[in-house]
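To start, the structure itself, in C-alpha cells.
Nothing fancy with the numbering, it's 1 onward along the sequence.
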Amino acid sequence: MKRKYTKLFLPLLALVICGVVVIVERIGVKYDVQMMTQEGKLSFSEAVEEEATCLLLVNKKDKVSEQFKTMMGTVLDGMKISYDIHNVNKGDFIDKLDQYDSVIITFEEWNLIKDQLDSLCQWVEEGGHVMNTVTPAPDQAFVSVAKALGIKNIPDEYASITGFRMLNDVMLGATEEDEFIFDEENHEELLISLDLALTEQAKLYMTSKDGKVPLLWKTKYGNGDFVILNETLTEKYQRGFLCTAFSLLDDTTIYPVINASSYYLDDFPAPVPSGNGEYIKNDYGIDIGTFYATVWWPKMLQWEKKYKIKHTGLIIENYNDVVKAPFATNEETSKFISYGNMLLNHGGELGLHGYNHMPLCLSGIDDKRQYGSYKLWETKEDMKKALAELHTFSSNLFPNETFAVYVPPSNIISETGIRTLVEACPDIKVVSSSYMKDAEGRVYEQEFTVDETGLIHAPRITSGCDIDQYQKITALSELNFQYVQSHFTHPDDVLDEDRGASRGWKSLSDSLEDYIKWVNTSVPEMRNATGSEMGKAVLQYHNLSVKRSFENNELKVSLGGFTGEAYLMLRINEGTPKETTGCELTKLKGDLYMVKATQDEIKITLGE
C-alpha cells in the first residue's frame with residue numbers, strides 16, 4: 001500500500017512544486033560577481049621577496065629524481081617558499097648550507113652524496129632540517145646514517161603497500177581509524193616501501209594500512225630534524241603528503257591557502273529529459289521530470305540547508321548537436337526559470353556550460369585530439385555565435401545575473417575554445433574544468449591559478465555520486481595542500497550506468513552525502529563558496545607573496561599582493577600560540593591552525 005501511495009502522491013506533488021516555483025522571483029541573493037572576479041576591483045599591495053630558504057638536491061641524470069623535483073617544486077611554489085636547486089652530479093653542496101634552513105633529497109640513491117653525508121648530519125645536529133621525497137635505496141650511504149634517521153634496522157627487501165593510515169592528527173580529513181586504499185583496478189599505484197623498523201626516538205605519522213610498515217616519520221637529531229618519506233607516490237595527490245612532510249621540518253611552518261569549498265551542478269538548469277529512466281521507474285514508479293522535481297532537487301536543497309553548502313548551476317540551453325549557425329533559441333523555458341530562481345534564492349549562482357553539449361574544439365585545429373562522439377565546430381565564428389546565443393538566452397531568463405563562471409562540457413575545451421569563449425563572453429572570469437587528467441587525454445586539466453591573460457582557473461577535484469578511493473585520496477591531499485575542496489555532479493547521474501545508476505538513487509545519494517559529511521567534519525571552518533567566490537579566493541591566493549622570520553618565539557610574516565584579507569595554514573611543531581597581531585587564529589586539528597590575516601604585517605608569539 002505504501003508504494004502505491006507514493007506513486008500517486010509524487011506526481012501530484014511535482015505539479016504543485018512546478019506551479020509554485022514558476023512564479024518565484026529572485027530575492028535576497030547577496031553577492032557581487034564582478035567584485036568577486038574582476039582583478040581591477042581588488043587592490044593588491046606590493047609584492048615582497050624572500051631569500052631562498054630551501055635547497056632542493058636533484059640527480060639530473062635520473063628521471064625519478066626529476067619527477068620528484070618537479071612535484072616538490074610545485075608544492076614549494078604553492079606554499080610560496082623560495083628554493084634553489086642543486087644538481088648533485090655537479091659538485092658539493094655542503095659549503096652552501098649556511099644560507100638555507102632545509103634540504104630536500106629527491107633521489108633514491110643516497111650513495112650519490114655519501115662523501116657529504118657526515119657534514120650534512122653535522123649541519124642537522126646544529127639546527128638544520130632534512131627531508132626526502134621518495135623511498136630511499138638501502139645502499140651503503142643510507143644504511144650508514146640509518147640510526148640518525150630514527151631507523152632501527154633495514155631488511156634487504158621492499159614491501160608493496162596497498163593502502164595507508166595517518167597518525168597523530170597530522171592531516172586534516174584522516175583519523176587513525178581511517179584506512180585509505182588504492183584503487184588498483186583503475187589506478188595501478190602501489191607504494192614501494194622499505195620494510196623497516198623505527199627507534200623509539202622516531203615520531204610516526206603515516207603507516208601502511210595494517211600498521212606494520214612506517215611511511216612517514218620525524219626524528220630529532222641534536223638541534224635539527226630529519227623527516228623521512230618511505231613511499232613512492234607519483235600521482236598528483238602526492239602533493240598533500242609532500243606538503244605535510246615539509247610542514248613538519250621546522251618549529252613553525254606557515255603558508256598561504258585558498259580556503260574555499262564549492263559544489264557544482266553541471267547541466268543544471270537544462271532541458272529535463274522526457275520519459276522514464278529504468279532505475280527511477282523501478283524504484284519510484286515515476287518519470288524523470290517528476291523524479292527531478294520531487295526527489296533529486298529537494299535532496300540538493302536539503303543538503304544546502306544541512307551542510308551550508310552553495311551550489312553553482314551551469315546552464316545548457318539544449319542538447320542538439322548543431323555546430324554550424326544559425327543556432328535556434330530554446331523556447332521551453334519554464335523549468336529553466338523555476339529551477340534557476342530556486343537555486344539563486346538559496347544563495348547559489350548560475351554559470352554557463354554550453355549552447356549544447358559540444359565542447360569548444362575547432363575543426364582543422366583540434367582534430368588531432370580524440371573527442372569520441374562529440375562534433376568539432378566548423379569555424380571560430382560558429383563557436384562565438386553559439387556562445388552569444390547561450391549568453392542572450394541566459395540573460396533574458398535571469399536579467400540580474402552576471403555570468404562569470406564557465407564549465408566546459410565533459411571538461412573538454414581547447415586553447416582555441418578558451419580564447420573564443422573570452423571574446424564572446426567577456427564577463428567570464430573563471431573557467432572550472434578538471435583537476436585530474438583522464439586516461440584518454442581529452443580532459444582539460446587545470447591548476448588553481450591565474451593565467452597571463454587574467455583568466456582564473458579553478459578546477460573541480462572530485463565528481464559524481466560514487467566517490468572512489470582515488471578521488472578520496474586526491475581530496476584528502478588538497479585539503480592539506482591548498483585547503484580547497486571542489487566537487488561536481490549531474491542531475492542525470494542516476495540515469496547513467498557508468499556513474500552508478502544501477503545502484504539506485506538511494507545508494508548514490510547516501511554515498512555523496514557521506515562525502516559531503518566527510519568534508520564538513522574534516523574542515524568545518526572552510527568557507528563555502530560559489531564558483532565566482534572560489535575564483536576570488538584563487539585570485540587572492542595566486543597573488544600573495546610571503547616573507548617569514550622566526551626569532552625569540554615570534555613568528556613574523558609580511559604579505560605582498562595583499563587585498564585586506566588572506567588565509568594561511570600554520571603548523572606549530574614546538575610551542576603553542578600565545579599572542580597575535582594583525583591576524584586571527586583558529587585551531588583546526590593537532591598542531592594545525594588557520595590564520596586569517598587582516599593586515600599585511602602579522603605576528604604570532606608562541607609560549608612554551
Do the side-chain N and O atoms of [X] and [Y] include a donor-acceptor pair separated by under 3.5 angstrom?
X: Y307; Y: N528; result: no
X: E447; Y: H457; result: no
X: Y483; Y: E478; result: no
X: T219; Y: Q201; result: no
X: T175; Y: D178; result: yes

For the pair [X] (side chain) and [Y] (backbone), establish whether a donor and an acceptor sit closer than 3.5 Å, ignoring hydrogens and angles.
X: N59; Y: F107; result: no
X: S193; Y: A159; result: no
X: T106; Y: F68; result: no
X: R527; Y: E533; result: no
X: E349; Y: T312; result: no
X: D62; Y: S65; result: yes
X: N132; Y: L229; result: yes
X: N168; Y: V170; result: no

Residues, nucleotides or ligands: over 12 heavy atoms within 6.0 Å of [X] [atom1]:
X: D514; atom1: CG; value: yes
X: K437; atom1: NZ; value: no
X: K556; atom1: NZ; value: no
X: K236; atom1: NZ; value: yes

Please name the pair of heavy atoms, one in [X] and one in [Y], separated by the smallest distance, quoted to 0.1 Å.
X: L172; Y: L476; answer: O-CD1, 3.1 Å
X: F246; Y: S102; answer: CE1-OG, 3.8 Å
X: C54; Y: L76; answer: SG-CD1, 4.1 Å
X: Q116; Y: D92; answer: OE1-CA, 3.2 Å
X: A260; Y: A529; answer: CB-CB, 4.2 Å
X: T598; Y: F562; answer: C-CZ, 3.7 Å

Answer yes or no: is there an ion pair linking [X] with [Y], defined by an N-O contact shorter than 4.0 Å?
X: R571; Y: D591; answer: no
X: K578; Y: E554; answer: no
X: E66; Y: K69; answer: yes

Side-chain contact, heavy-atom cut-off 4.5 Å: [X] with [Y]?
X: V103; Y: H129; result: no
X: T462; Y: Q485; result: yes
X: R165; Y: M206; result: no
X: D195; Y: Y158; result: no
X: L242; Y: M71; result: yes
X: F241; Y: I473; result: yes
X: Y435; Y: Q446; result: no
X: Q140; Y: W110; result: no

- request: Starting from the C-alpha separation in whole Å, work towards a yes-or-no answer on side chain to side chain contact (heavy atoms under 4.5 Å, CB included) for L248 and D225.
  value: CA-CA 9 Å; L248 293 169; D225 305 277; over 6 Å; no
task: Quick one: sort the H487 and Y515 rings into parallel, tilted or perpendicular, breaks at 30° and 60°.
output: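 Plane angle between 30° and 60°, so tilted.
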- prompt: Does NZ or CZ of R460 fall inside the cone over F488's six-membered ring, less than 6.0 Å from its centre and within 45° of the axis?
  reply: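 Judged by the rule (NZ or CZ under 6.0 Å from the ring centre, within 45° of its axis), R460 counts as positioned above F488.
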- prompt: Can a cation-pi geometry be assigned to K203 and W217, taking NZ or CZ under 6.0 Å from the six-membered ring centre and within 45° of the ring axis?
  reply: no
query: Would Y541 and Y567 satisfy ring pair (Phe, Tyr, Trp, His ring centres under 6.0 Å), going step by step from the backbone distance to the final call?
result: CA-CA 8 Å; Y541 164 79; Y567 291 88; over 10 Å; no
task: Kindly determine whether E50 and R548 satisfy salt bridge (charged side-chain N to carboxylate O under 4.0 Å, His left out), including the steps that lead there.
output: CA-CA 7 Å; E50 183 176 63; R548 312 158 179 85; 2.7 Å; yes
